[in-house]
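Here is the naming used below: chain letters follow the sequence lines, and residue numbers restart at 1 for every chain. For clarity, every value in this text was computed on a predicted model and none was experimentally measured.
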Amino acid sequence: MIKILIVDDHPLIAQSLQSIINDSKIGEVVAIANTAKQCLDFVATKHVDLVLLDISLPDGSGLDICKSIAEKYTTIKILAITSFNEYTIIRKMLDNGASGYILKNSMPEEVVEGIETILKGETFLCHEVDLLMKKKSDQQIFLTPRETELLKLICDGYTNPEIAEKLFLGVETINSYRKNLLFKLNARNTAVLVKIALEQKLI
Amino acid sequence: MSLDFTFTDSRLESFSNTLDKLGESLAELRKISHSFIPDVLRYNGLNSALNHFCESMSKVNYYFYGYENRFDIDKESFAFYSAEELVNNALKHSGASKINVQLVQEQNRISIMVYDDGCGFDPKSIDKGKSGGLNNIESRLISFNGRIDILSEPGKGTEVCLEFNC
């Protein structure tokens with residue numbers, strides 16, 4: 001029987017997850033941990049096949065716990081169950097070793113489906129997260145008026161001090177805005193930035 | 001129950017004193033409540049806290065770029081409350097249909113931007129006395145060696161960027 005550890009500091013959530021799992025007979029809930037420490041202590045001493053992991057815990061972040069467990073216990077599968085539906089958190093959790101990600105507003109059936117899927121070795125994202133990840137990858141970048149202004153001047157070949165003078169702002173400010181643009185457009189350097197700006201008709 | 005009350009000089013004085021004390025208590029309460037740091041901010045950091053905050057409002061979109069490192073809690077909470085103040089200003093005054101909040105983090109820099117497509121204003125004419133929140137932000141930014149940039153025009157929306165090094 002698959003041994004499952006639930007890690008969540010909300011008893012209401014933890015117990016309803018326990019009911020869902022026990023009713024489905026997909027596995028056996030061997031314990032409920034309410035803190036990061038309880039979770040780590042438990043997996044260190046008892047055999048666990050799968051961990052249902054919340055992200056916000058009173059004494060630590062599920063993101064870090066996930067990484068610790070995935071690195072130390074390679075046979076344990078991790079399914080994140082949380083209310084955070086933000087792209088970078090989902091991304092980080094998956095990068096840290098989670099095999100699946102479920103939002104707390106999902107249907108109970110998705111929890112069972114998630115467990116089944118990740119036990120098979122596949123990745124599982126609940127419906128809403130799946131859509132979010134797909135949308136993120138082809139989301140149109142939004143630029144603020146200031147950023148658009150700056151991008152245009154960069155593409156016209158102005159240097160930071162020149163741009164600063166034109167816009168009546170400090171050079172440090174312009175420098176920061178430029179760095180922000182590099183992050184936003186995922187560009188390694190200014191040349192790539194200009195290329196993306198022109199390709200995507202951002203200016 | 002009816003209150004039969006006439007203002008004598010001494011009553012007026014003690015009434016006035018009471019109002020003063022009440023004012024002081026409210027100021028103290030405001031100070032204390034602002035020092036309460038929401039759990040999500042304390043444990044999960046600025047990005048999560050802002051995401052949560054923006055999520056709870058339908059007109060507000062949130063974008064995060066950069067690294068998810070943590071900073072000192074006083075810096076993270078300053079950034080958070082500043083963003084909150086800017087969003088609330090936009091909600092209250094701009095009539096915007098869309099508010100965008102952006103956080104960019106680097107190893108030693110926090111950059112917050114709040115944009116709305118609302119009515120805009122003339123930054124030169126801003127009544128600093130009225131905008132207590134913005135005043136607070138600006139004065140605390142100075143202590144962080146930070147910068148603020150306000151871009152706005154009547155009818156053309158508003159963009160406020162603030163940033164500081166950590």
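- Counting heavy-atom pairs closer than 4.5 Å to chain A, the top residue among B:Glu163, B:Gln102, B:Met113 is B:Gln102.
- For A:Asp59, no part sits under 4.5 Å from any heavy atom of chain B, backbone or side chain.
- Residue A:His127 places its NE2 atom among 12 or fewer non-hydrogen atoms of other residues, nucleotides or ligands, all under 6.0 Å distant.
- Salt bridge present: B:Glu76 and B:Arg70 bring a charged side-chain N and a carboxylate O closer than 4.0 Å.
- The contact between A:Ile55 and chain B is made by backbone and side chain atoms together, counting heavy-atom distances below 4.5 Å.
- The environment of B:Phe144 atom CZ is dense: over 12 non-hydrogen atoms of other residues, nucleotides or ligands sit within 6.0 angstrom.
- For A:Leu169, the part lying under 4.5 angstrom from a heavy atom of chain B is the side chain only.
- When the candidates B:Asp39, B:Asp149, B:Asn61 are compared by the number of heavy-atom contacts under 4.5 Å with chain A, B:Asp149 comes out ahead.
- Ranked by heavy-atom pairs under 4.5 Å with chain B, the first of A:Pro58, A:Gly60, A:Ser83, A:Gly62 is A:Pro58.
- Residues A:Ile174 and A:Leu150 approach most closely at CG2-CD1, 3.8 Å, considering heavy atoms.
- Ring geometry for B:His52 versus A:Phe84: interplanar angle under 30°, hence parallel rather than tilted (30 to 60°).
- Your options are A:Arg146, A:Glu86, A:Lys179, and the one with the most heavy-atom pairs under 4.5 Å with chain B is A:Arg146.
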Could you give me the CA-CA distance, side-chain angles and deciding distance for B:Arg140 and B:Ser82, then say whether side-chain hydrogen bond (donor to acceptor under 3.5 Å, both in side chains) is met?
CA-CA 10 Å; B:Arg140 288 209 69 194; B:Ser82 300; over 6 Å; no
